[in-house]
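First comes the structure, then the notes that go with it.
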Amino acid sequence: MKNTAGFATRAIHHAYDPMSHEGALTPPLHLSSTFVFETADAGAEMFAGAREGHFYSRISNPTTDLLEQRIATLEGAEAGLALASGMGAISAALWTILSPGDELITDKTLYGCTFAFMRHGLAKWGVTITHVDMTDVQAVSAAVSDKTKVVYFETPANPNMRLVDIAGVSEIAHTVGAQVIVDNTYATPYLTQPITLGADLVLHSATKYLGGHGDVVAGLLVGRAEQIAEIRLVGMKDMTGSVMAPFNAMLILRGLKTLALRMERHCSTAHQVATWLEAQPVVSKVYYPGLESFAQQDIATRQMVKPGAMIAFEMTGGYAMGKALMDHLSLIMRAVSLGDAESLIQHPASMTHSTYTPQERAAHGISEGLVRLSIGLEDADDIIADLGQALVAIADKQAAPA
Ligand code: 3LM
């Protein structure tokens with residue numbers, strides 16, 4: 001298969017030849033934790049890095065290796081690395097790159113555990129964490145200095161859907177020699193490929209859209225081959241041991257085969273649901289990059305093929321109403337995580353972003369009333385009907401005498 005093949009074709013075929021595997025259509029699952037050396041010298045050469053091959057699955061494994069090649073081609077990167085979780089990818093990368101005394105500049109809004117890792121982990125280690133409003137490229141320009149080693153952000157950001165101009169921020173970061181790390185979990189490589197826009201490293205919680213079926217926790221990282229090799233040997237192998245199990249790699253490889261199809265459906269349904277939500281009088285604000293009312297629609301159009309399938313919204317009655325809505329849903333599941341076949345709803349302030357204090361949430365643009373909806377693969381009419389019946393139920397409840 002040519003490397004110029006389309007996204008879906010590469011997601012299904014890249015780097016695998018059945019004829020080299022006894023004709024097996026599906027890549028084999030190599031569960032082996034260790035690999036036999038042909039000779040003692042061959043083993044010593046592998047340890048010295050002078051000979052290619054697998055020798056222990058905390059370093060590499062044929063099944064995870066195929067996944068690493070697939071995610072690299074889909075992101076337009078030289079190399080990939082599979083890790084135990086999204087947080088494993090984040091911590092292995094940052095611990096490899098940063099040293100005490102360095103500065104990391106990041107957006108105001110981050111996934112709750114990423115924020116906590118920076119605040120409680122990296123900061124304790126002597127790294128200065130500076131939060132900047134990255135929706136404003138000038139603010140990033142004013143913040144960077146010779147001490148800035150890493151510029152880190154999510155786009156769209158979890159949970160409030162703020163977007164960051166990847167090309168603009170990368171250009172600024174590179175003027176001071178800083179590396180740009182983008183968490184591409186919400187967009188997936190189907191919608192945005194940050195490396196092609198100037199980022200140095202891209203990471204995923206593969207638990208989400210890449211796996212796509214809510215049955216695996218996993219992380220992926222892509223970037224330049226030399227840097228990925230360093231993160232493999234330092235951040236992954238020695239500092240965290242955050243290795244993806246081969247079985248999980250197999251599940252992600254299976255998920256990737258339908259990523260293009262699923263993202264098309266996720267996005268078109270999300271657009272319908274967001275449009276419907278915006279028309280409801282009790283919904284005061286909807287944050288979805290595909291809506292005309294979305295403040296950063298220009299960036300969405302520039303760097304996202306489609307607006308994604310994550311929606312955040314607020315209700316006129318604040319979180320009391322949001323909670324009532326959540327408790328009256330029957331098809332949409334009350335659960336954290338995202339990117340699954342099932343539509344999921346959750347309350348960031350008390351769940352995914354409870355790692356922030358209320359004061360921190362206020363300072364970082366995460367409102368207490370925000371409700372987050374991950375649009376699944378069910379029929380759009382059924383998702384809308386579920387939201388509709390819940391709105392009717394809570395309206396009746398409000399109208400009923402106490
Ligand atoms: C969530 N998010 O519900 P894992 N980066 C982003 C993420 O959204 C996440 C990670 C990294 C959620 C998980 S909350 C307890 C459940 C943008 C995870 C971390 O380590 O694979 O979970 O990825 O928003």
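Every number for a ligand or one of its atoms is a count from 1 in the order of the listing. Keep in mind it's a predicted model, so treat the numbers as computed, not measured. Just so it is clear, the values below take in all heavy atoms, side chains as well, and ignore hydrogens, waters and symmetry mates.
- The aromatic rings of His353 and Tyr111 sit perpendicular to each other, their planes meeting at more than 60°, with 30° as the lower class boundary.
- Between His131 and Phe115, the two ring planes are tilted [angle within 30° to 60°].
- The pair Arg162-Glu154 does not meet the salt-bridge criterion, since no charged nitrogen lies less than 4.0 angstrom from a carboxylate oxygen.
- Residues passing the salt bridge (Lys or Arg N to Asp or Glu O under 4.0 Å) test with Asp381: none are found, sequence neighbours excluded.
- With sequence neighbours left out, the side-chain hydrogen bond (donor to acceptor under 3.5 Å, both in side chains) criterion links Glu45 to Arg51.
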Give a table of atom pairs where an N or O of ligand 1 lies under 3.5 Å from a protein N or O.
{"unit_1": "ligand 1", "atom_1": "2 (N)", "unit_2": "Lys208", "atom_2": "NZ", "d": "3.1"}
{"unit_1": "ligand 1", "atom_1": "3 (O)", "unit_2": "Ser337", "atom_2": "N", "d": "2.7"}
{"unit_1": "ligand 1", "atom_1": "3 (O)", "unit_2": "Arg372", "atom_2": "NH2", "d": "2.9"}
{"unit_1": "ligand 1", "atom_1": "5 (N)", "unit_2": "Asp183", "atom_2": "OD2", "d": "2.6"}
{"unit_1": "ligand 1", "atom_1": "8 (O)", "unit_2": "Asn158", "atom_2": "ND2", "d": "2.9"}
{"unit_1": "ligand 1", "atom_1": "20 (O)", "unit_2": "Gly86", "atom_2": "N", "d": "3.0"}
{"unit_1": "ligand 1", "atom_1": "20 (O)", "unit_2": "Met87", "atom_2": "N", "d": "2.9"}
{"unit_1": "ligand 1", "atom_1": "21 (O)", "unit_2": "Gly86", "atom_2": "N", "d": "2.9"}
{"unit_1": "ligand 1", "atom_1": "21 (O)", "unit_2": "Ser205", "atom_2": "OG", "d": "2.8"}
{"unit_1": "ligand 1", "atom_1": "21 (O)", "unit_2": "Thr207", "atom_2": "OG1", "d": "2.6"}
{"unit_1": "ligand 1", "atom_1": "23 (O)", "unit_2": "Ser205", "atom_2": "OG", "d": "3.0"}
{"unit_1": "ligand 1", "atom_1": "24 (O)", "unit_2": "Asn158", "atom_2": "ND2", "d": "2.8"}
{"unit_1": "ligand 1", "atom_1": "24 (O)", "unit_2": "Arg372", "atom_2": "NH1", "d": "2.8"}
{"unit_1": "ligand 1", "atom_1": "24 (O)", "unit_2": "Arg372", "atom_2": "NH2", "d": "3.4"}

Please list, one pair per line, the donor and acceptor atoms closer than 3.5 Å that link side chains of residues 231-240 to other protein atoms, with sequence neighbours excluded.
{"unit_1": "Arg232", "atom_1": "NH1", "unit_2": "Ile59", "atom_2": "O", "d": "2.8"}
{"unit_1": "Arg232", "atom_1": "NH2", "unit_2": "Glu68", "atom_2": "OE1", "d": "3.0"}
{"unit_1": "Thr240", "atom_1": "OG1", "unit_2": "Gly235", "atom_2": "O", "d": "2.7"}
{"unit_1": "Thr240", "atom_1": "OG1", "unit_2": "Ser242", "atom_2": "N", "d": "3.2"}

